[in-house]
Structures are given as structure tokens and as C-alpha cells.
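What follows is a set of notes on a single structure, which appears directly below.
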Amino acid sequence: MNPAVPKMIGIQAEDYLNQHFSAIGLDITAKDKAKTDGVEEQSSRLLPKDFETSFVQPNGNLVELSVMNIPVEIDGKIVGNHIFIKDITEENKTKKKIKHLAYHDELTGLPNRRKLNERLDQAIEQSNRDSSTFAVMVLDIDRFKMINDSLGHTYGDIFLQGVSDRIVKSAEGFEATIARMGGDEFTILCNTGPEGEEAAELAERIIEALKKPFHLKDNDFYISASIGTALFPVHGRDAVELLKKADTAMYKVKKQGKNGHQFYSPDLDVQLLENIGLESDLRKAIERNELVVYYQPQFHAQSNRMIGVEALVRWNHPTRGMLSPGVFIPIAEETGLIYEIGTWVLSEACRQMKKWHDEGGPLIPVSVNLSSHQFHQPNLVEYIVKILEETKLEPQYLELEITESMMMDPAVSISILEELNKIGTRISLDDFGTGYSSLSYLKKFPIHKLKIDRSFITDISENHNDKAIVATIISMAQHLKLDVIAEGIETKDQLDILTENDCHEIQGYYFSSPLSASEVEKTFFVPNRLPSYQ
């Protein structure tokens with residue numbers, strides 16, 4: 001034996017010189033015993049013998065070997081053997097790792113798209129044989145992009161690992177395969193009854209599990225999941241059709257407000273085609289001047305004096321007429337068009353307000369909603385300054401409305417808000433009370449105004465809890481020396497309750513619906529201007 005052999009198998013060569021090789025007595029693993037049994041008999045044959053085996057060294061290490069046994073023939077007689085041995089332990093580990101990575105997601109360890117497609121084909125074959133049903137479930141994390149943009153990809157990866165762990169735990173007890181398809185999208189194959197009972201139960205478990213906060217970077221982050229499900233064979237008989245229909249159902253959940261589960265139904269195809277058409281049209285809407293900014297006046301309840309306007313985008317579609325934001329903004333967010341639309345709205349609102357100021361006022365601010373895409377762009381302050389310079393609107397007359405979810409990473413958000421505060425713009429916290437942010441944000445952040453969400457206003461005259469929440473928000477804002485405005489006021493009862501609780505800044509249909517720029521001017525501005533400005 002050459003010097004490599006003793007080192008490889010953990011023996012002293014001199015102990016075995018001039019002995020039969022069987023004296024070595026390797027501790028062959030049970031699963032490889034059959035391969036090595038009878039090697040002596042086989043060595044008498046003229047044909048070489050190749051095989052792989054594994055054994056345990058005296059120190060307990062498992063070693064995998066590639067063995068080639070070649071008979072030595074002299075004068076037509078087998079007189080011995082050359083045995084060539086190669087340690088393939090690391091080589092096999094590398095092969096296994098490569099094979100695993102080919103079929104599994106590196107970040108979460110879950111099956112990947114390739115593995116899922118293989119399992120899906122197997123599930124279809126099995127179900128065709130035994131007439132069983134299984135579900136294809138597409139799961140998308142709501143608000144993941146916001147977390148990723150806020151915290152960075154390192155924490156985004158940690159978050160996705162936490163999400164996958166919760167999904168896997170939720171699926172315990174179900175016959176399910178969970179795969180990560182990329183980004184924040186997961187697909188689940190689940191054996192289920194003909195009506196999809198098990199799939200529906202699994203979806204609810206996952207939704208509940210993901211509602212609990214994720215603790216990242218010293219803060220709690222809240223997400224939700226949108227899940228769409230298609231059943232084999234009722235919704236499709238091949239992989240492409242099943243995945244497409246589950247995807248369609250998932251997008252319906254997102255459009256309805258996210259955080260839920262829905263089975264596919266044929267009417268969803270009509271809506272999907274409609275959305276595809278709208279997306280195509282939306283890409284051309286800005287260049288065709290189809291977008292319009294409407295303005296909803298904001299009033300001081302006691303004096304009926306207008307104190308500001310909120311800019312709200314509308315789409316004057318060439319064939320479908322005037323569309324509200326609820327129809328096209330979700331599409332804009334999904335496709336990335338929201339940045340371009342948001343930029344146009346901000347610029348147009350500032351331009352219009354400057355025009356009103358120049359024509360005699362009143363000197364009131366315009367409030368504009370910032371999308372998450374705009375808020376988290378690296379050059380936000382320069383971007384705002386540039387728009388103000390181009391439109392010549394003074395910064396104190398621009399109020400930027402942000403949501404609680406944009407402040408997930410306080411370290412990043414506070415620096416952005418402080419820079420905006422320095423240039424003179426005002427910051428309003430929109431939909432206050434509906435998110436998951438900490439009240440400490442109000443102490444840390446340079447926020448000027450809280451906006452009470454309409455969901456608390458709708459039933460305020462009948463629901464004591466809503467009334468108590470609104471009163472608490474108003475009181476808290478006053479103690480923190482913040483302005484507070486309520487939106488969605490539609491009745492005098494609602495208005496009376498708010499004014500009784502010292503909320504005097506009001507927005508809603510009770511005073512005015514959103515109006516075009518010309519309607520605002522004609523209804524509210526022109527009658528109050530001095531003759532010299534007309």
C-alpha cells in the first residue's frame with residue numbers, strides 16, 4: 001500500500017505487510033455491506049470491479065470511498081489484484097450541496113421553483129391515478145417591500161427566514177409542500193378534500209401566524225399575507241393553469257384590502273383581464289394628460305374658514321370615464337408606476353397652489369400624500385426642494401402626508417423627517433390609529449399634525465369605543481402640541497361630537513366633496529377675493 005492508504009483509512013502500514021487485504025477489516029457501514037461482500041471471489045474474475053462504499057475510521061469519522069478492484073493476470077492465471085482507492089467524502093458533500101441548491105432556496109432552505117414544479121407534476125399524476133384533490137396556494141407578503149426598503153436587504157433576509165419558519169410551523173399536521181418562489185412569494189401544495197377544506201384551514205392558520213409582530217432592529221414590525229388557492233382538477237388540470245389561477249385569486253385578495261384568503265372563481269379572469277388592460281392604459285395616462293388632481297377643502301369647524309386642501313388624484317380614462325384612486329392606485333403600486341404618478345401629483349398640486357396664491361389667495365397649504373416609494377427614495381429632500389423651486393411654492397404651504405407604516409425603521413425615518421422639517425415643509429401623520437406604530441414615534445419625530453382616520457369617524461355617533469378612541473387621540477395631540485384634523489365627516493352628529501372634543505379642523509363630504517381646481521376656485525376662492533384680484 002502507498003502512503004496515502006494508511007492516512008486515508010487510519011491504520012499503520014507495517015501492521016499489515018504480507019497479509020491478505022481482508023485483514024485490514026474496515027468497519028463498512030451497514031448500507032454498503034452488500035457492495036463489498038464477496039470481493040475476494042470477484043477478484044478471481046478477469047473483469048475489473050468498480051463501486052463506492054463508506055466506512056467508519058477508528059476515530060469515528062465517516063469516510064466515503066471510490067474503489068476500483070483490478071485483477072492481475074500472469075500467464076493466463078489471476079495472481080492478485082490492484083485495488084485503487086480514492087477518498088470522495090468532500091467530493092460527495094459538494095455534489096450533495098450542489099444538488100440541494102439546485103432544488104432548494106438558499107436563504108430559507110425550502111424547495112425552490114424547480115423542486116415545486118417537480119412535486120406539482122408528481123401530485124397531478126398521483127391525483128389522476130386515485131381521483132384525489134389537492135390545492136395550489138400562492139402566498140404573497142403584504143408590505144414586504146416597505147420593510148425591505150426601510151431596513152435594508154440584510155434585515156429583509158432575516159425577516160423572510162422568520163416568515164418561512166412560521167409558514168412551516170403552521171403547516172404541521174397537513175400533507176403540504178412549501179416552496180419559496182423568490183422575493184416574498186411562496187407556493188404551497190396541500191392535499192385536501194374536494195371543497196378545499198384543509199387548504200382553507202391552512203390558509204387561516206398562516207394568516208393568523210403572520211399577524212404576530214416580527215422583532216427586527218429593536219422594533220416590532222407587522223405584516224399580513226394575501227393567499228389565493230386553486231384546486232385540482234376543478235380549477236385546472238395542468239401546472240401552468242393551476243398556478244395562474246391561484247395567482248389570480250391572490251391578486252383579488254390584494255385588491256380587496258389584503259390580509260385574507262380566496263379560492264379561484266371564473267369571474268376573477270374577467271377582472272384580471274380588466275386589470276391588465278388598465279395597467280397598459282395607466283402607463284400612457286401621464287403622457288396623454290389623463291390624470292387630474294382634485295382638491296378636497298379642509299375647514300375650521302367653528303368659523304367655516306377654509307384652512308387647506310388635500311390633493312387627490314383621479315384618472316379621466318378615455319373610455320371608462322373618471323376613475324377613483326381605489327381602482328388604479330393598487331395597480332400602480334404593484335407595477336412601480338406609483339413613483340411616477342406620485343411625482344406628477346406633487347408637482348401639479350404645488351403648481352396649482354402657487355397659482356391660487358398669485359391670483360389672490362387664500363394663502364393656505366396643500367397637503368399631498370407621499371407614497372412609500374417616494375418617502376424611501378435616497379434623494380427625497382432634494383426631490384421635494386426641486387419641485388418647490390420649479391413651482392415657486394413656499395415650503396410652509398406644502399404639507400406632506402405620510403402613514404405610520406413608513407416609519408418602521410425609526411433611525412431612517414427620523415432623519416428624513418428632520419431634513420423635511422428643516423426646509424420648512426409640514427408633516428402630517430395620515431390614517432392615525434389604524435397602523436401598528438409605537439406612540440413613542442410622536443415624541444421622537446418632527447410631526448406637525450395627526451389625521452384621524454375615517455374608520456373611527458363613520459360610527460362615532462353610535463359606537464362608544466370609536467368615540468373614546470377619537471377623544472383620546474384629540475387629547476393626546478393637544479398635550480403633544482400637535483394639530484389634529486378629522487377626515488370623512490358626513491353628518492352633523494359626527495361634526496358635533498368632534499367639536500365637543502375640541503377637534504376643529506375638519507375634512508369630509510359634510511362640507512365639500514373633492515372638486516376640480518376650477519370648481520374649488522369658483523365656489524370658494526373667487527367670492528372671497530377683493531375686486532382688485534379678480
Side-chain angles (χ1 to χ4, degrees), residues 1-17 19-72 78 80-123 125-126 157-158 160-161 164-165 167-168 171-172 175-182 186-189:
M1 60 183 80
N2 66 18
V5 175
K7 184 179 178 183
M8 192 184 301
I9 62 179
I11 62 171
Q12 298 295 323
E14 55 269 23
D15 294 341
Y16 298 94
L17 292 179
Q19 296 187 50
H20 194 277
F21 75 87
S22 60
I24 294 174
L26 295 179
D27 185 9
I28 303 296
T29 58
K31 72 182 179 66
D32 288 331
K33 274 281 187 188
K35 294 179 186 175
T36 54
D37 282 347
V39 168
E40 292 176 46
E41 292 79 3
Q42 293 165 2
S43 67
S44 63
R45 301 171 191 164
L46 289 173
L47 294 174
K49 169 72 175 175
D50 295 345
F51 59 90
E52 290 185 8
T53 187
S54 58
F55 76 98
V56 181
Q57 288 180 332
N59 62 8
N61 290 336
L62 179 70
V63 178
E64 296 179 353
L65 301 175
S66 170
V67 181
M68 179 180 286
N69 182 21
I70 301 177
V72 177
I78 302 297
N81 299 271
H82 288 303
I83 300 177
F84 296 92
I85 304 172
K86 181 183 178 184
D87 185 343
I88 56 171
T89 308
E90 291 304 316
E91 183 182 322
N92 280 354
K93 281 182 184 176
T94 302
K95 284 180 180 176
K96 286 174 185 174
K97 185 176 181 182
I98 291 170
K99 185 177 180 181
H100 182 83
L101 289 175
Y103 287 95
H104 292 81
D105 173 51
E106 189 173 4
L107 179 65
T108 63
L110 294 175
N112 61 12
R113 187 182 297 273
R114 183 184 286 111
K115 187 67 173 177
L116 178 93
N117 288 336
E118 187 180 279
R119 293 269 179 91
L120 185 48
D121 288 340
Q122 291 169 356
E125 288 177 18
Q126 181 66 38
D157 286 350
I158 294 170
L160 281 172
Q161 288 169 335
S164 69
D165 287 344
I167 295 172
V168 169
E172 289 176 359
E175 295 179 58
T177 297
I178 300 158
R180 180 179 174 226
M181 308 298 275
F186 297 80
T187 299
I188 303 166
L189 304 184

| request: Can you spot which of Leu189, Ile188, Thr187 makes a side chain to side chain contact (heavy atoms under 4.5 Å, CB included) with Ile178? | output: Ile188
| task | For the pair Gln161 (side chain) and Leu107 (backbone), establish whether a donor and an acceptor sit closer than 3.5 Å, ignoring hydrogens and angles. | result | yes
| said: Measuring only between side-chain heavy atoms, which start at C-beta, is Arg114 closer than 4.5 Å to Glu118? | reply: no
| said: Would the distance check show the side chain of Asp87 and the main-chain N or O of Thr89 forming a donor-acceptor pair, the cut-off being under 3.5 Å? | reply: yes
| message | Can you tell me how far apart CE (Met1) and CD1 (Ile11) are? Round to the nearest 0.5 Å. | response | 4.0 Å
| said: Between Lys95 and Glu52 (salt bridge meaning N to carboxylate O under 4.0 Å), is one present in this structure? | reply: no
| query | So does Glu106 have more than 12 non-hydrogen atoms from other groups sitting under 6.0 Å from CD? | reply | no
| Do Arg180 and Thr108 have a side chain donor and acceptor closer than 3.5 Å? | no
| field | Shortest non-hydrogen contact from Leu62 toward Ser54 | value | CD1-CB, 4.1 Å
| If you count the non-hydrogen atoms of other residues, nucleotides and ligands that lie under 6.0 Å from OH in Tyr103, is the total more than 12? | no
| task | State the CZ-CD1 distance between Phe84 and Ile70, to the nearest 0.5 angstrom. | result | 5.0 Å
| said: More than 12 heavy atoms of other residues, nucleotides or ligands under 6.0 Å from CD of Gln122: yes or no? | reply: yes
| note | Between Pro71 and Ile78, the two heavy atoms sitting closest are CB-CD1, 3.9 Å
| Contact summary for Ser164 and Leu110, nearest pair of heavy atoms | CB-CD1, 3.7 Å
| note | In short, Met8 meets Ile85 closest at the heavy-atom pair SD-CG2, 3.5 Å
| Would you say Asp105's side chain and Gly182's backbone share a donor-acceptor pair under 3.5 angstrom? | no
| said: Can you tell me if Gln12 has over 12 outside heavy atoms packed within less than 6.0 Å of its CD? | reply: no
